[in-house]
There are 2 protein chains.
Amino acid sequence: MNPWKLKLSQIRALLTVAEAGNFSEAALRLEVTQSTVSHAIATLENELGVVVFHRGRHGAQLTPVGERMVQDARQIQTLLENIASAAVHERGVDGGTVRIATFRSIATHVLPEAIARLHQVYPAIQISILEVDELYQLKQALSQGQADVCVAEMLLGEGFETIHILDDEYIALMPPQYGLRDAQLAMEDLYKYPLISSSHDSCSVRIRDRLREFDKDLEVTYRIRHDSSMAGMVQQGLGIALMTELAAKPVPDGVGVCRLPFPLSRPVGATLLKDALHSPAVYAFLDALQGIGAFAPAQVG
Amino acid sequence: MNPWKLKLSQIRALLTVAEAGNFSEAALRLEVTQSTVSHAIATLENELGVVVFHRGRHGAQLTPVGERMVQDARQIQTLLENIASAAVHERGVDGGTVRIATFRSIATHVLPEAIARLHQVYPAIQISILEVDELYQLKQALSQGQADVCVAEMLLGEGFETIHILDDEYIALMPPQYGLRDAQLAMEDLYKYPLISSSHDSCSVRIRDRLREFDKDLEVTYRIRHDSSMAGMVQQGLGIALMTELAAKPVPDGVGVCRLPFPLSRPVGATLLKDALHSPAVYAFLDALQGIGAFAPAQVG
DNA sequence: CTCAAGTATCAATTTTCTGCATACATGACA
DNA sequence: TGTCATGTATGCAGAAAATTGATACTTGAG
């Protein structure tokens, strides 16, 4: 016997007749005709080759096999309700999941506040965070449905929709021997030590291009993967790190934070798939995220 | 969302796609077309208002809600298999239930052997015994589906089918003061003490009618419900009990067992509903029961 | 004997499922 | 960058199945 031959209408009829005690009453409860119930049970019995109800003047009563089946049927009912309510929760804002793809710096310095704000209003929303290093990984996570939203450098491109949150200003981390001078660098300060930048595509390209605008021979010497390693190198006096404010935190002892001689920043925002259906939980998260921008303007400390 | 709107084909598709990783492979496993699978998942998603799979070049992968649903779906699958296998067990002879309606004397002296023989061959068959007092209760139990078979005085009547097992001979239990004489009574012996019979319809009627054939004034004085009470009364010297051999056991000390001056017996057999579908377990039981008749001819001890 | 309360069955209709053909999407690769 | 391979979506028509209304059948109760 193939269990998938069964129909849920039969399971339902089984349960209802068992409770109602007779076919006619069950039909009323199910809002179908008695004929339908009779058919449902008859087919069920034929397919299983077993008598499930004894019928008579007094209605229908379960056989021992029927009894066992009803127990399983009840559980099936519960599970179906589970499935349905999982869907309802997901659709509703009091439940649901938001999967965020992001960079480490954002995950550390921006998301916690956003999530806190979100949970003040909707404590039941689940958050999952996917930390990646490169821009293409963000795009991939969105397109392949591993994430609902990216919070990072805004992704450009067909099919994406972005919401700007804040600008993450690039600053310079100066080695201890530079001393505590003006927090505003001049161009010539950049020649005093080797330059260090992130090895990540978007950062390193943006910095390289901007430097070339002033001096096409001004090059970055070290490209380092991890933000904290860059800061560590600066602390050891190996050079000047050019990185964004958020990525720089926490700044190691002795290291100075200075404004660059030219404006440069990375736009940070939320990116979603355009034309995709987003859950209310995602919108709630976006609201919470936008609330932050207003209170955390870029600033040099 | 009404959980009963779901179809098992959708649940099945959900599970198979989740395992296969893509619609096409799932379609192969389900032996349907890719179109069918696509339809199934699409309608499921529409009905639930939730995205269950992310699709792309790389096939289909579960969303978080989908993941939760699959867990429930797996359990549903198990339960469906339970239901199907309950039916198979019931139909097969290595499982199943036989519900027997019977009288106390049969339950005590005939059934144990029959059940032992049955279980030698099919140990897994479940037996349930319903003990009743009157014939009409047997009929009712059969007709209303509370029992699969009666083992008792054979039931006559439209719609019943009977199998003769043995004849339960009526004997006389003689009071102690009667002494140990010939085990064969003469008619006049019946006048020496008051007569005692069962109060149950079939017994008392059969005995009364038979006595009247010889002497229309010969009457039973006491009608007692319980066999053991009748034997007890005989032991107290209150009269002669006319009852069947099986009902008489165990015979109390001092009480004599004698053959009646005329032949009288109760046909004992199995009765089933004619035109009803009986499970293999029932037939196996009938076989075991008939095996007994050959070895247990009516005899006076 | 007849009624009342229940179940079963038939044929027609409506609904749903399925498959085919084909369009659409997208990653891989030349 | 264009084409291919691989995967999914969809419109439509035929097939299958559920549902129904009418009616027949069954059986206790009075």
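In what follows, chains are A, B, ... by sequence order, proteins preceding strands, each numbered from 1.
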Separation of [X] atom [atom1] from [N] atom [atom2], in whole Å?
{"X": "A:H54", "N": "D:dT27", "atom1": "NE2", "atom2": "C1'", "result": "17 Å"}
{"X": "A:L273", "N": "C:dT26", "atom1": "CG", "atom2": "P", "result": "10 Å"}
{"X": "B:Q140", "N": "D:dA29", "atom1": "CD", "atom2": "P", "result": "9 Å"}
{"X": "A:L44", "N": "D:dA17", "atom1": "CG", "atom2": "P", "result": "16 Å"}
{"X": "B:L28", "N": "D:dT6", "atom1": "CG", "atom2": "C1'", "result": "13 Å"}
{"X": "B:L8", "N": "D:dA18", "atom1": "CG", "atom2": "P", "result": "12 Å"}
{"X": "B:W4", "N": "D:dT19", "atom1": "CH2", "atom2": "P", "result": "13 Å"}
{"X": "A:K7", "N": "C:dC17", "atom1": "NZ", "atom2": "P", "result": "11 Å"}

Please write out the pairs of protein N or O atoms and N or O atoms of nucleotides 8-15 of chain D separated by less than 3.5 Å, giving the distance to one decimal.
from   : atom 1 : to    : atom 2 : distance (Å)
D:dT8  : OP1    : B:F23 : N      : 2.8
D:dT8  : OP2    : B:F23 : N      : 3.3
D:dT8  : OP2    : B:S24 : N      : 3.1
D:dT8  : OP2    : B:S24 : OG     : 2.7
D:dA9  : OP1    : B:R55 : NE     : 2.7
D:dA9  : OP2    : B:S38 : OG     : 3.1
D:dA9  : N7     : B:Q34 : NE2    : 3.2
D:dA9  : N6     : B:Q34 : OE1    : 3.2
D:dT10 : O4     : B:S35 : OG     : 3.2

When you check the gap from the basic side-chain N to the acidic O, do [X] and [Y] get nearer than 4.0 Å?
{"X": "B:E47", "Y": "B:K7", "value": "yes"}
{"X": "A:E90", "Y": "B:R68", "value": "yes"}
{"X": "A:R12", "Y": "A:E31", "value": "no"}
{"X": "A:R55", "Y": "A:E45", "value": "yes"}
{"X": "B:K139", "Y": "B:E134", "value": "no"}

Reported CD1-to-CG distance for the pair B:I165 and B:L289, which is rounded to 0.5 angstrom: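 So the gap between those two atoms works out to 3.5 Å.
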Sugar-phosphate only, base, or nothing, as touched by A:V37 at under 4.0 Å among non-hydrogen atoms: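 No contact.
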